[in-house]
Protein chains: 2
Amino acid sequence: MTAPALTPGRLAPAPGLPLYRRIRDQLTAALARGEWRAGEAIPPERALAARFGSSIGTVRKAIDELCAANILVRQQGRGTFVTTHDRDRNLFYFFHVVPEDGPKVYPGVTLLAFTRGRAERDAAERLRIGVGDPILRIRNRLTVATVPVVVDDLTLPAARFPGLTERRFRDRPSTIYNLYQASFGIFVVRTRERLRAVRSDPLMAALLGLRAGAPLLQVRRVAYAYRDEPVEYRVSHIDTAHHEYYAEIDA
Amino acid sequence: MTAPALTPGRLAPAPGLPLYRRIRDQLTAALARGEWRAGEAIPPERALAARFGSSIGTVRKAIDELCAANILVRQQGRGTFVTTHDRDRNLFYFFHVVPEDGPKVYPGVTLLAFTRGRAERDAAERLRIGVGDPILRIRNRLTVATVPVVVDDLTLPAARFPGLTERRFRDRPSTIYNLYQASFGIFVVRTRERLRAVRSDPLMAALLGLRAGAPLLQVRRVAYAYRDEPVEYRVSHIDTAHHEYYAEIDA
DNA sequence: AAGTGGTCTAGACCACCAT
DNA sequence: TGGTGGTCTAGACCACTTA
């Protein structure tokens, strides 16, 4: 005498979806409205199973997907925790520049400029905002062992970052993506990057200590939050004379 | 009265590993020795559960991992199949060059050179063979809409490709990775790439119809088979004047 | 010792595909 | 209609962490 697989009414929305996906979406929604903060544990699986009126295996399958999306992290014997954008994580997932020889290291970051402006067509399209909408522009220079290697030009939709000032940006305690998460509830989940080789213009050459015309790796990255919302457009120029851009592709 | 979780003796090797991983490894081994060929269905889950003396859920978890590694593909109602390196798959997973505007298209491939030689240090290290071991060198030019965009220089460890001739390489029915799979049992599962911006030397410039010194995107890719065995070292030079290299990074 | 996630079972029923 | 993978249950026991 097994109970019917679907117990209607317990979890109302989208009855076409399997239960474990509806539970996953409920968890995502709870995360998005801040029920559990970054670094905190979510309730134990047995408690969640009771809350959603499902079996524990179904809750585990929902959590599995959130772990695969790097939104949650399991720790056996301790609990399941909301991922944080700490230094190590950031280095591992989002910083792809490695020295020609030797291990990856965390770069030094210098803020070169912090200005307000209005979105041009390129940035507006990528951030899915209107041309002329208010934006923030930030320029950083990254150094590895005091040698300048990367210049980052960030474009942020101002509407998503209310009250972000140069001081707040400069005095952030941790990584940039950690600031997005802790201060604005924006959790970067995925990025898409387009790369090309370009000639260095005089400005970039000066910032990186190169001759104009030297080849640079240009990376145009859009960072996305929970529901595929673009939240940052970043153009990087990388001097790959003694560093490389590293990518691992499955399958 | 539930049976004990572990039923010792049924699946001998590595008793420290969970059952579903041992089953996964058994399946991988069966795949590697050709028990089921590319494109064929593996036995149904119920049959595998009987064969391994486990419950169906445990077999499913093993298959889940092989699907995640893109070695198997499930099709509801039909069966579970061994992945093939067909054109679409190859385009999707391994060809990252997209036009500046418009959709990705499959490139035309022209074989420029096919020679035998001995491994230099760089290639030997990356392929984990000895310096001086026999290798095959292959040069291809890729065109998009008749415009040359990429020059690929492949280095293959000759020992892994016995009997591969220029004719056989040129007359392959499908993709290069499909040839590796169908003729040599080498299934490319993952690649690692290192990218940098370089100046075009005179030879590359001539092959791509550019002026020497033009910036090129250089990609050095190592392709790996089942157990992290390197099977191909490929250096690509890409003209990114009107094309881009596209990467998607999770988390 | 108590509490967490991790593995495994045995079986029911659903959704989909081929015939 | 019969066979496949997909979902779900209810519960046992294991492995690990913390107090």
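All values below were derived from every heavy atom in this structure, side-chain atoms included, with hydrogens, water molecules and symmetry-related copies excluded. This is a predicted model, so every value here is computed, not measured.
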Residues in side-chain contact (heavy atoms from CB on, under 4.5 Å) with [X], at least two apart?
X	value
B:D171	B:R167
A:D101	none
A:A182	A:N178
A:F81	A:A41, A:Q75, A:R78

Whole angstroms only, please: what is the [atom1]-[atom2] distance between [X] and [N]?
X	N	atom1	atom2	answer
B:Y20	D:dA15	OH	C1'	13 Å
B:L19	C:dT9	CG	P	6 Å
A:E45	D:dA10	CD	C1'	15 Å
A:R74	D:dT17	CZ	P	16 Å
A:L17	C:dC14	CG	P	18 Å
B:R46	C:dT9	CZ	P	16 Å
B:F52	C:dC8	CZ	C1'	16 Å
B:L48	D:dG6	CG	P	13 Å

- Message: Short of 4.0 Å, heavy atom to strand atom, which residues of residues 35-44 of chain A count as contacting DNA chain D?
- Response: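 Within this stretch, nothing sits under 4.0 Å of the strand.
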- Message: Does D:dC16 have its OP1 or OP2 closer than 4.0 Å to a side-chain nitrogen or oxygen of A:R78?
- Response: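 No, because none of the side-chain N or O atoms of A:R78 sits under 4.0 Å from OP1 or OP2 of D:dC16.
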Does B:S55 make a side-chain N or O approach to OP1 or OP2 of C:dA10 shorter than 4.0 Å?
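Answer is no, no contact under 4.0 Å.
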- Task: Could you list by number each residue of residues 57-66 of chain B showing a heavy-atom separation from DNA chain C of less than 4.0 Å, or answer none if no residue does?
- Result: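 Here the set is B:T58, B:K61.
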What pairs with [X] under side-chain hydrogen bond (donor to acceptor under 3.5 Å, both in side chains), at least two apart in sequence or on another chain?
X	value
A:D64	A:R74
B:Q181	none
A:R33	A:E35

If you assign B:Q76 and A:I56 each to the DNA chain D nucleotide with the nearest heavy atom, which residue ends up on the more 5' nucleotide?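 On the 5' side of the pair lies B:Q76.
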Query raised in the report: Is the NZ or CZ atom of B:R22 positioned over B:Y20's six-membered ring, under 6.0 angstrom from the centre and within 45° of the axis?
Result: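 Not satisfied by the 6.0 Å and 45° rule.
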Does a donor on one side chain and an acceptor on the other come within less than 3.5 Å for B:Y233 and B:R221?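 No, no side-chain donor-acceptor contact under 3.5 Å.
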Among D:dG5, C:dT7, C:dG5, which nucleotide has an atom closest to any side-chain atom of B:P18?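 When the side chain of B:P18 is considered, C:dT7 is the closest of D:dG5, C:dT7, C:dG5.
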### Task
Please give the angle, rounded to 10 degrees, between the axes at the start and the end of the helix from C:dA1-D:dT18 to C:dA18-D:dT1, where five pairs define each axis.
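For the helix from C:dA1-D:dT18 to C:dA18-D:dT1, the axes at opposite ends meet at about 10°.
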* **Partners passing salt bridge (charged side-chain N to carboxylate O under 4.0 Å, His left out) against B:R37 (at least two apart in sequence or in another chain)** =>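 Scan of B:R37 (salt bridge (charged side-chain N to carboxylate O under 4.0 Å, His left out), adjacent residues dropped) gives none.
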_A:R60 with A:E45: basic N within carboxylate O range, under 4.0 Å_ =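 Yes, this pair counts.
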(Q) For B:Y224, give me all partners under ring pair (Phe, Tyr, Trp, His ring centres under 6.0 Å), at least two apart in sequence or on another chain. (A)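 Residues passing ring pair (Phe, Tyr, Trp, His ring centres under 6.0 Å) with B:Y224: none at all.
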